[in-house]
2 protein chains.
Amino acid sequence: MAVTVKDVAKHAGVSTATVSRVINNDVRISDVTRAKVLESMEELDYKVNNIARSLKTNKTYTIGFICPELSNTFNMTLAKGMEDELRRFGYNVIICNSNENADEENERIRVLIQKCIDGVIIIPASNNGSHFKQLSDTGIPVVLADRLVDDFITDAVLVDNINASYSAMEYLIRQGVRRIGYIGGDLKITPARERDEGYRRALNDYCIPFESSIVKYGDFHARSGYEKMEELMKDENPPGYVFITNYYMHAGATKYLMEHRKDVKNPVTIASFDDMELASLLGYCKVLVSQPMLEIGSRAAKILMDRINGEDISFPMIYRLKAGLLFK
Amino acid sequence: MAVTVKDVAKHAGVSTATVSRVINNDVRISDVTRAKVLESMEELDYKVNNIARSLKTNKTYTIGFICPELSNTFNMTLAKGMEDELRRFGYNVIICNSNENADEENERIRVLIQKCIDGVIIIPASNNGSHFKQLSDTGIPVVLADRLVDDFITDAVLVDNINASYSAMEYLIRQGVRRIGYIGGDLKITPARERDEGYRRALNDYCIPFESSIVKYGDFHARSGYEKMEELMKDENPPGYVFITNYYMHAGATKYLMEHRKDVKNPVTIASFDDMELASLLGYCKVLVSQPMLEIGSRAAKILMDRINGEDISFPMIYRLKAGLLFK
DNA sequence: CTGTTAGCGCATTCAA
DNA sequence: TTGAATGCGCTAACAG
């Protein structure tokens with residue numbers, strides 16, 4: 001069996017309360033006693049049992065992170081920013097994959113509640129957030145990252161997608177491009193909807209007609225990028241420029257173009273969301289919208305810490321981070 | 001305050017022991033009592049407190065995962081395979097970033113021990129594994145993934161790197177390529193060393209001289225891939241084929257080639273480890289070594305479950321998974 | 001500054 | 001089949 005406070009207390013010839021005080025850096029304790037206890041802890045190789053501590057304090061110093069897909073660089077870079085920030089506060093993170101499925105998301109939430117986590121950061125799997133209520137009902141603060149949901153209002157860290165999208169379009173238009181194809185995401189997801197709005201608003205502001213034949217909607221996965229680019233290229237009058245609103249669709253679209261070099265009559269140029277990993281190396285890409293992934297994570301973490309520590313901040317706390325624009 | 005067994009017991013008119021038995025599916029309990037308790041739990045919206053339970057049972061159903069870098073697709077795809085498998089057994093995973101630093105790794109381990117995790121899966125940050133001993137000393141099983149370390153022997157799931165490397169080389173050689181440049185990783189890391197051995201062995205077996213001027217060592221990061229490709233291309237007699245042993249160096253090398261299209265006299269072709277994300281879309285790439293990332297994770301998880309459940313398996317349990325070869 | 005005591009929520013002996 | 005009692009390891013009143 002492991003060494004407990006009791007063992008240390010006996011070894012040091014003090015009470016368990018004193019040992020506990022030393023562990024928790026209580027000031028009202030003499031230097032000699034502290035030294036004595038510390039020495040005993042060292043000698044016995046004592047390690048606190050955080051389970052027991054949590055049972056008393058009702059704090060686990062553990063945060064749940066639920067995201068739709070683990071092997072996604074956007075999510076994981078966000079997670080990195082988050083983990084890095086939380087660690088400064090002594091928190092750990094339990095990672096959960098919702099598999100882009102609201103039911104699984106709900107299931108993870110139930111488990112996390114039972115594990116008595118102190119807070120949760122979620123990248124929602126869908127636009128349904130009704131099951132998040134069980135968290136707030138239990139008094140567990142929830143911070144959303146990247147996306148909002150219907151029917152649940154809480155803190156969130158988002159990207160100013162509309163303006164990011166608008167700026168990219170504006171840049172292209174100022175370069176003299178007028179006809180810009182579009183591959184967007186599922187409009188049920190807020191970022192997809194917002195990027196769509198930026199696209200349309202830019203067209204409108206610059207008096208460019210919206211052509212539904214060159215506007216396609218995928219699902220933020222590579223396959224749909226491939227398919228939608230194919231549709232665009234098979235149009236009788238394909239656009240020479242395509243704006244794609246996510247990394248994986250960008251990859252899929254590039255794949256299509258590489259495989260069909262001969263079939264595609266005119267050269268295509270791509271502008272895309274997400275400056276991740278190899279995005280800038282993709283052959284057709286000239287413009288990238290760079291999302292502040294690390295910062296989304298660290299900000300979400302910071303808000304959560306504020307909530308947990310009962311800081312007096314307004315509710316809901318919504319951040320809209322700015323994206324950058326990159327040219328090749 | 002949350003609902004406890006006591007509340008349920010009172011509501012159902014039974015003892016807490018009975019409630020506990022219902023929760024744990026104890027057989028020796030009458031159907032009527034069980035129904036009564038279940039109903040009370042439902043009505044009061046009772047949720048077990050796993051902290052309290054863990055304190056009694058000494059099991060947290062939580063696994064620690066320590067890896068050198070979170071925003072790395074290889075690591076996270078591995079994590080996905082792992083998480084997916086562990087979930088079937090009712091386990092959650094606490095994710096820790098060691099930042100490719102043995103000291104930070106050590107620090108994470110200390111925290112995890114205090115959290116009373118049931119087991120640990122580690123992608124080692126360095127070749128130093130001496131600090132893993134504190135885990136085994138505490139009775140916590142450790143499974144290594146992807147890499148081995150010096151001075152600590154335990155279960156591990158690895159890739160048969162030597163043969164993977166050898167096969168890729170063999171394929172090239174059979175295609176008639178004889179002069180193959182090489183960009184490898186830090187030889188202190190086992191996979192880098194093994195891939196290096198595969199390269200050299202293939203040259204040797206096919207009677208091709210080893211030319212140290214076209215063999216470079218980086219650190220598995222994009223920047224070093226860039227630099228090493230630059231060195232290769234600035235050689236007075238650059239190779240027409242380059243074998244690169246990791247995804248990020250492949251990306252960096254590609255970046256160099258794209259930026260220096262004019263300077264590079266002869267076209268270069270690349271063979272590389274890792275069929276991840278956009279690897280196959282990179283312009284100079286013709287051959288890819290595909291590592292079974294998900295399986296590394298799920299196997300590591302399975303071994304850990306066996307250890308935790310005290311299954312009678314040999315020690316250490318080492319798996320060497322085969323890599324695949326892909327051509328474009 | 002330090003010790004005594006109680007109890008966090010649950011599982012588990014031992015009795016009945 | 002059920003209940004009463006105990007303790008997991010720790011923290012936090014309260015006393016001194």
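Order of the sequence lines sets the chain letters (A, B, ...), proteins ahead of strands, with each chain counted from 1. The analysis underlying the following values was restricted to heavy atoms, covering all of them including side chains, and did not include hydrogens, waters or symmetry mates.
Rounded to a whole Å, the NZ atom of B:Lys56 is 12 Å from the C1' atom of D:dG9. Rounded to a whole Å, the CG atom of B:Asn49 is 18 Å from the P atom of C:dG7. As rounded to whole Å, 9 Å separates atom P of D:dA12 from atom CG of A:Asp26. Whole-Å rounding puts the B:Lys10 NZ to C:dG9 P distance at 13 Å. Remark: C1' of D:dC10 and CG of A:Asn58 are 13 Å apart, rounded to the nearest angstrom. Separating the CG atom of A:Asp7 from the C1' atom of D:dC10 is a distance of 13 Å, rounded to the nearest angstrom. To the nearest angstrom, P of D:dG7 lies 14 Å from CG of B:Leu55. In this structure, A:Ile51 atom CD1 and C:dC10 atom C1' are separated by 13 Å, rounded to whole Å.
Note on B:Arg307 versus B:Glu311: no salt bridge recorded, every NZ/NE/NH1/NH2 to OD/OE distance being 4.0 Å or above.
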Shorter than 3.5 Å, N or O on both sides, protein versus nucleotides 14-16 of chain D: list them out with atom names.
none

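At C:dA11, one or more side-chain N or O atoms of B:Asn24 fall inside 4.0 Å of OP1 or OP2 (strictly under the cut-off). For C:dG3, the OP1/OP2 oxygens have a side-chain nitrogen or oxygen of A:Ser15 closer than 4.0 Å. Note on A:Thr18: every side-chain N or O is 4.0 Å or more away from OP1 and OP2 of C:dT2.
A:Val19 comes within contact range of no nucleotide atom at all, as no heavy-atom separation falls under 4.0 Å. Counting non-hydrogen atoms under 4.0 angstrom, B:Ser20 reaches a base of the nucleic acid. In this structure, A:Val14 reaches the sugar-phosphate backbone alone: every heavy-atom distance under 4.0 Å involves primed, P, OP1 or OP2 atoms, never a base. Residue B:Asn50 is out of contact with every strand shown, counting any heavy-atom pair closer than 4.0 Å.
Closest approach of A:Cys96 to B:Glu83, counting heavy atoms only: CA-OE2, 3.8 Å. Scanning all heavy atoms of the two residues, the minimum distance from A:Ile51 to B:Ser54 falls at CG2-CB, 3.8 Å.
Comparing the local axis fitted to the first five base pairs of the helix from C:dC1-D:dG16 to C:dA16-D:dT1 with the one fitted to its last five gives a bend of 40°, rounded to 10°.
Going from atom CD1 of A:Ile308 over to atom CG of A:Leu86 covers 8.0 Å, rounded to the nearest 0.5 Å. Note that CD of A:Glu105 and CZ of A:Arg110 are 13.5 Å apart. Values are rounded to the nearest 0.5 Å.
Note: B:Tyr91 and B:Tyr61 have tilted aromatic rings, judged against thresholds of 30 and 60 degrees for the angle between ring planes.
The side chain of B:Arg53 lies closest to C:dA11 when the candidates are C:dA11, C:dG3, D:dC10. In the set D:dA5, D:dG9, C:dG3, the nucleotide with an atom closest to the side chain of A:Val5 is D:dG9.
Within the structure, the side-chain hydrogen bond (donor to acceptor under 3.5 Å, both in side chains) test picks out the following pairs touching residues 141-153 of chain B (sequence neighbours left out): B:Asn127-B:Asp150. Applying the salt bridge (charged side-chain N to carboxylate O under 4.0 Å, His left out) test to pairs two or more places apart or on separate chains, those with a residue in residues 51-80 of chain A are A:Lys59-A:Asp118, A:Glu69-B:Lys80, A:Lys80-B:Glu69.
With hydrogens and angles left out, the side-chain atoms of A:Lys115 and B:Thr62 include a donor and acceptor closer than 3.5 Å. Neither side chain, A:Ser126 nor A:Asn128, offers a donor N or O lying under 3.5 Å from an acceptor on the other. The closest side-chain donor-acceptor pair between A:Gln134 and A:Asn106 falls under 3.5 angstrom.
Applying a 4.0 Å cut-off to non-hydrogen atoms, the residues of residues 29-41 of chain B that approach DNA chain D are B:Ile29, B:Ser30, B:Thr33, listed by residue number.
Residues satisfying the ring-ring contact (aromatic ring centres under 6.0 Å, His included) test with A:Tyr46, not counting sequence neighbours, are none.
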